[in-house]
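This is the structure I want to talk about, given as structure tokens.
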Amino acid sequence: MKLVALAVFLATAQLWYEHDNTIYTVSAPVTIRDAPAYPYRGFMLDTARNYFPVADIKRTLDAMSWVKLNEFHWHIVDSQSFPFEIPGFTDLAQKGAYSSSQVYSLSDVRDIISYAGARGIDVMVEIDTPGHTAIIAEAHPEYVACPGATPWATYANEPPAGQLRFADSKVTDYIAKLFTAVATIFPSKLFSTGGDELNTNCYAIDEPTQASLNATGRTLEQALDAFTQETHKALEVKGKTPVVWEEMVLVHNVTLSKETKVLVWISSDNVKAVAEKGYKLIHAASDYFYLDCGGGGWVGANPNGNSWCDPFKTWQHAYSFNPTANLTAEESKLVLGGQHLLWTEQSGPQNLDSIVWPRAASSAELFWTGPGGNVSTALPRLHDVAYRLRQRGVDAISLQPEWCALRPGACDLTA
Amino acid sequence: MKVSGLLLVAAQLRGVLALWPQPRSLEIGSAALKLAPTFDIHVNIAHPPSDLEDAVSRTKAFLRNDKLGRLVVGRGASDHAAVQRARSLSSLQLSLTHGSAVKSITDETRLPIGTRSEGYTLHVPADGSPAAIVANSSLGLLRGLTTFSQLWYEYAGQVYTVEAPISVTDSPAYPYRGFMLDTSRNFFPVSDIKRTLDAMSWVKMSQFHWHVSDSQSFPLEVPGYTELASKGAYDPSMVYSPSDVQDIVSYAGARGIDVMIEIDTPGHTAIISAAHPEHIACAEASPWTTFANGLLASVARMFPSSVMSTGGDELNAECYAQDPDTQADLKATGRTLEQALDVFTQKTHAAIRAEGKTPAVWEEMVLDHNVTLGNDTIVLVWISSANAAAVAAKNFRLVHGPSDYFYLDCGAGEWIGDDVAAHSNSWCDPFKTWQKVSMMVAERVLPSHRGKQSYTFDPLANITKSQAHLVLGGEQLLWTEQSGPENLDPIVWPRAASSAEVFWTGPGGNLSTALPRLHDLAFRMRQRGVKAIQLQPMWCALRPGKCNLDS
């Protein structure tokens with residue numbers, strides 16, 4: 001009931017305008033019956049490539065709530081930094097955070113979780129494993145294969161190289177315990193263990209990994225399976241449902257519980273394959289929902305570099321997404337919803353609001369209202385959202401010259 | 001660019017001293033030196049100009065407040081022991097060379113382009129004896145102070161460098177080092193413009209090209225023509241009054257920045273119809289020319305710069321073909337549209353010349369239209385870098401502003417509505433990175449440079465030696481269909497600093513060593529309240545060279 005009340009509050013809060021100190025609407029009477037088309041309507045923030053103070057996360061949660069988004073996917077750690085102070089594992093942040101002030105303490109995390117909850121937002125934390133873990137070598141060099149190996153492009157998707165030695169049972173135990181500790185902190189039922197972009201060259205040159213595999217007579221894939229099963233079991237014991245990136249289903253041969261949810265990110269083309277395997281899925285396609293595309297290549301000594309997922313994904317493009325494209329009616333039932341995502345190699349607090357808003361609102365509508373919206377009539381409404389966001393202290397970007405915002409339809413392609 | 005051997009050795013040891021733009025001659029050492037608590041700056045000029053004294057105050061404030069930790073793992077913890085033991089610097093002495101006239105920074109800044117003295121020398125001894133900046137002008141002293149303020153880092157309350165002694169001899173390769181802001185498509189409050197001028201001054205930029213009006217809004221309150229803003233501004237609060245303009249112009253001048261106003265004509269003027277429907281789609285009719293002359297002259301009086309732009313880009317002939325008034329006027333006078341444009345241009349340029357201005361125009365006025373222009377007219381090359389040679393061949397002075405390298409707005413998708421196609425991109429896609437600026441010559445002209453990773457935008461590519469003097473410099477540009485105050489800083493900085501270095505330092509820079517320096521600049525800008533965007537994960541910023549393509 002409380003969630004319903006919140007939704008009603010939010011809906012009515014968008015009805016009102018102001019002129020000459022009078023607050024008014026010109027649309028009375030208003031009758032609304034509303035309910036979301038999809039239960040998972042999210043936004044993912046990467047706080048590892050660059051750090052975001054708690055205030056920035058809270059402001060983002062505010063903006064999310066204003067468009068009825070309900071899942072904050074917190075990609076909290078990665079190869080470049082480990083800002084999360086996990087009780088029992090505090091050396092990871094001590095050695096892996098960018099600085100002692102660029103951390104999320106336990107109380108910060110609880111603060112964020114409760115701030116989110118009060119706004120109807122569930123927080124799904126992601127501890128991405130076994131790839132994307134170079135930073136763990138700062139505290140535990142013995143747990144990481146190919147740390148800082150060069151050239152990085154041979155051993156990783158981006159610098160620095162370094163991945164967990166998951167063939168080592170000590171590493172598996174360690175991660176299982178770490179997951180348990182994190183699962184205790186986050187009340188959500190959803191917990192992402194990542195699983196994307198595993199680089200096998202890294203393990204081919206890693207003697208300890210090769211020794212482990214030889215000793216146990218396993219292949220890398222079999223070791224990955226064992227690692228996944230054990231670490232996921234630790235989560236299931238805590239009542240969590242694991243959420244993984246698509247490679248764990250499409251590229252690797254691991255045993256996953258049927259309850260596991262899958263984030264489809266490489267391409268919207270891969271949705272069908274995941275659905276055919278019977279997993280519930282969350283849309284996160286780079287060709288529609290990656291907010292970071294189009295900002296140029298960020299690695300150095302590469303003057304002609306574009307972003308890998310060029311071009312920039314406009315709100316219009318995301319808005320046109322069909323969540324059940326190519327899916328049968330049965331497969332369509334597996335679609336939980338979707339999210340926009342901000343990877344932060346080239347973002348920070350300075351541009352957080354303007355790169356996320358109001359674009360992320362386009363998926364908020366897609367997954368609340370359902371697909372097939374009219375992009376022409378959506379634009380004036382999205383302008384309105386952007387203006388209201390700015391009035392409320394979120395620095396949403398200008399979508400068009402203000403001249404256009406004041407004249408709906410006048411700046412359309414065929415106007 | 002001359003870089004001493006000593007610098008190269010030091011570069012391998014601890015990274016290149018993070019100055020931006022790179023001084024044209026730089027020698028550094030490896031001694032730690034800290035600022036004494038009593039550190040002060042002394043101006044050895046009998047009656048120093050007040051804007052120079054203000055620059056000194058600002059510099060002292062930066063030294064106190066930047067509090068920038070060196071971009072290495074530990075942010076300077078490893079320097080601590082050496083800094084504790086280090087000598088202290090108590091003073092910086094500013095002097096003019098013997099016989100130099102004492103002009104204010106502002107007055108020197110507004111001299112005709114190419115005649116301003118901006119060079120300086122800077123010496124910071126390692127033994128704690130006074131540092132010194134010497135220049136031929138107050139403007140040169142300002143440029144020296146700007147460099148001085150980039151030398152210092154902070155750790156545990158100590159402000160220090162680890163690269164003393166430092167010796168700089170510096171002057172710009174090109175006089176026009178600019179940034180253009182479009183305040184018409186979306187409005188920018190005065191404080192955003194001032195903050196941008198601050199950031200520009202920190203990288204020694206010298207020209208603010210203010211594209212104040214366009215088809216979508218007219219925010220400039222022009223004396224005698226106030227109806228243009230009262231009918232054409234987005235809102236009464238979204239205007240630039242004459243006192244706002246004076247404020248901005250003097251803020252700029254004190255920071256060594258000349259303000260070139262642009263009233264884009266005859267295209268890009270739809271908004272004027274809100275006040276004067278009779279003047280639009282009819283650029284040549286006499287009342288419009290009279291109107292335009294008066295308007296441009298009144299605007300010219302608001303701006304002290306010696307240069308003013310009348311625009312002249314993207315003229316749409318179809319508009320005039322369909323306009324009965326224009327067609328009637330052309331028939332009555334027996335002119336073609338081009339002839340009418342010529343008349344219009346000659347008259348409007350005469351009007352601003354009468355106010356002491358040299359006109360600047362976009363390239364079409366020289367390359368596409370057949371208009372008579374004074375041979376001191378400055379031409380902004382924007383459509384493509386390839387067009388610079390054509391403008392030089394016509395013997396006009398030129399400013400580089402090519403969309404294929406310098407447009408900051410490219411790569412953010414199409415802003416026009418109802419355009420869903422999978423690749424509805426910005427017209428000048430892709431996004432122009434700071435690195436891209438470096439490839440201008442390598443791709444276009446010199447096969448030997450193709451594919452080479454050198455930070456070498458060549459302002460003289462395809463331009464003969466005898467034409468070289470025509471190149472005044474260049475600017476990066478922000479068109480604001482999809483930008484506003486909310487993203488101004490991150491979309492401009494630190495990218496706009498890349499051309500600031502190309503035109504100050506000249507070509508020949510090293511792309512790999514430029515990146516750590518650009519990171520440093522971005523971090524320092526953020527410390528000073530300008531929200532420069534993150535270029536890479538912070539992990540990379542703290543480990544120079546680790547996140548290159550071939551690292």
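Chain A is the first sequence line, chain B the second, and so forth, proteins listed ahead of strands; every chain is numbered from 1.
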Close side-chain approach of B:Asp419 and A:Gln316, heavy atoms under 4.5 Å: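 Yes - at least one pair of side-chain heavy atoms lies under 4.5 Å apart.
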Contact winner vs chain B - A:Leu379, A:Val375, A:Val394, heavy-atom pairs under 4.5 Å: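 Counting heavy-atom pairs under 4.5 Å, the top option is A:Val375.
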Check: A:Asn50 and B:Met538 side chains under 4.5 Å, non-hydrogen atoms: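 The answer is yes; the side chains approach within 4.5 Å.
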A:Trp152 (side chain) donor-acceptor with B:Lys546 (main chain) under 3.5 angstrom: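 Not at all, since once roles are kept as given, no pair shorter than 3.5 Å links the two residues.
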From B:Leu488 atom CG to A:Asn351 atom CG, the distance as rounded to the nearest 0.5 Å: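 The CG atom of A:Asn351 is 13.0 Å from CG of B:Leu488, to the nearest 0.5 Å.
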Donor-acceptor pair between B:Lys436 and A:Asn304 side chains, under 3.5 angstrom: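 Result is yes, a qualifying pair exists.
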Side chain / backbone / both / neither for B:Ala532 at chain A, heavy atoms under 4.5 Å: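 For B:Ala532, backbone heavy atoms alone lie under 4.5 Å from chain A.
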Region of A:Ser347 that comes under 4.5 Å of a non-hydrogen atom in chain B: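 The backbone, not the side chain.
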Heavy-atom side-chain proximity of B:Trp415 to A:Cys411 below 4.5 angstrom: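 Of all side-chain heavy-atom pairs linking A:Cys411 with B:Trp415, at least one is under 4.5 Å.
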Flag, side chain of B:Gln435 to backbone of A:Val299, donor-acceptor distance under 3.5 Å: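 Pair found, side chain donor or acceptor close to backbone of A:Val299.
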Toward chain B, the part of A:Ala396 with a non-hydrogen atom under 4.5 Å: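 Contact with chain B involves the backbone of A:Ala396 alone.
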Residue pair B:Cys540 / A:Trp298, side-chain heavy-atom distance below 4.5 Å: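 Of all side-chain heavy-atom pairs linking A:Trp298 with B:Cys540, at least one is under 4.5 Å.
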Closest-packed option against chain A by number of heavy-atom pairs under 4.5 Å, given B:Ile533, B:Leu542, B:Asp489: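 The answer is B:Ile533.
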B:Ser217, part contacting chain A, at a heavy-atom distance under 4.5 Å: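 For B:Ser217, there is no contact with chain A at all, as no heavy atom is under 4.5 Å.
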Reported CD-to-CD distance for the pair A:Gln400 and B:Glu414, which is rounded to 0.5 angstrom: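 A:Gln400 CD to B:Glu414 CD: 9.0 Å, rounded to 0.5 Å.
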Which atoms of B:Pro537 approach chain A - backbone, side chain, both or neither, heavy atom under 4.5 Å: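 Its backbone and side chain both get close to chain A.
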Between A:Gln346 and B:Gln536: side-chain donor-acceptor atoms closer than 3.5 Å: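 Judged by distance alone, the side chains do not pair up.
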Side chain proximity check, B:Phe431 to A:Phe312, heavy atoms < 4.5 angstrom: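 No. Closest side-chain heavy atoms not under 4.5 Å.
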Beyond-backbone contact of B:Cys547 with A:Pro159, side-chain heavy atoms, under 4.5 angstrom: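 Counting from C-beta outward, B:Cys547 and A:Pro159 do come under 4.5 Å.
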CG/B:Asp550: more than 12 non-hydrogen atoms of other groups inside 6.0 Å: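 Yes - once you tally the heavy atoms of other residues, nucleotides and ligands closer than 6.0 Å, there are more than 12.
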Heavy-atom pair count under 4.5 Å with chain B, highest-scoring of A:Pro160, A:Cys404, A:Ala415, A:Ser307: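 Looking at each option in turn, the highest pair count goes to A:Pro160.
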Heavy-atom pairs under 4.5 Å with chain A, option from B:Asn487, B:Ile271, B:Asp214 with the top count: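 Answer, by heavy-atom pair count under 4.5 Å with chain A: B:Asn487.
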Top contributor to chain A interface from B:Ala412, B:Pro485, B:Ser426 [non-hydrogen pairs under 4.5 Å]: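 If we count pairs closer than 4.5 Å to chain A, B:Ala412 comes out on top.
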Region of B:Arg75 in contact with chain A, defined by heavy-atom distances below 4.5 Å: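 Contact with chain A: none, neither part.
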Spatial distance of atom CD (A:Gln350) from atom CD1 (B:Ile491) [nearest 0.5 Å]: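 So the gap between those two atoms works out to 14.5 Å.
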Spacing of CD belonging to A:Glu402 relative to CG belonging to B:Asn186, to within rounding of 0.5 Å: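 So the CD of A:Glu402 and the CG of B:Asn186 are separated by 6.5 Å.
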Validation row: A:Thr414, B:Asp418 side chains within 4.5 angstrom (heavy atoms):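 Yes. Closest side-chain heavy atoms under 4.5 Å.
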Working for side chain to side chain contact (heavy atoms under 4.5 Å, CB included), residues B:Glu486 and A:Arg390: CA-CA 9 Å; B:Glu486 297 76 24; A:Arg390 290 191 282 266; 2.9 Å; yes
Beyond-backbone contact of B:Thr480 with A:Pro401, side-chain heavy atoms, under 4.5 angstrom: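 No; the side chains remain at least 4.5 Å from each other.
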Side chain / backbone / both / neither for B:Asp429 at chain A, heavy atoms under 4.5 Å: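 Just its side chain gets close to chain A.
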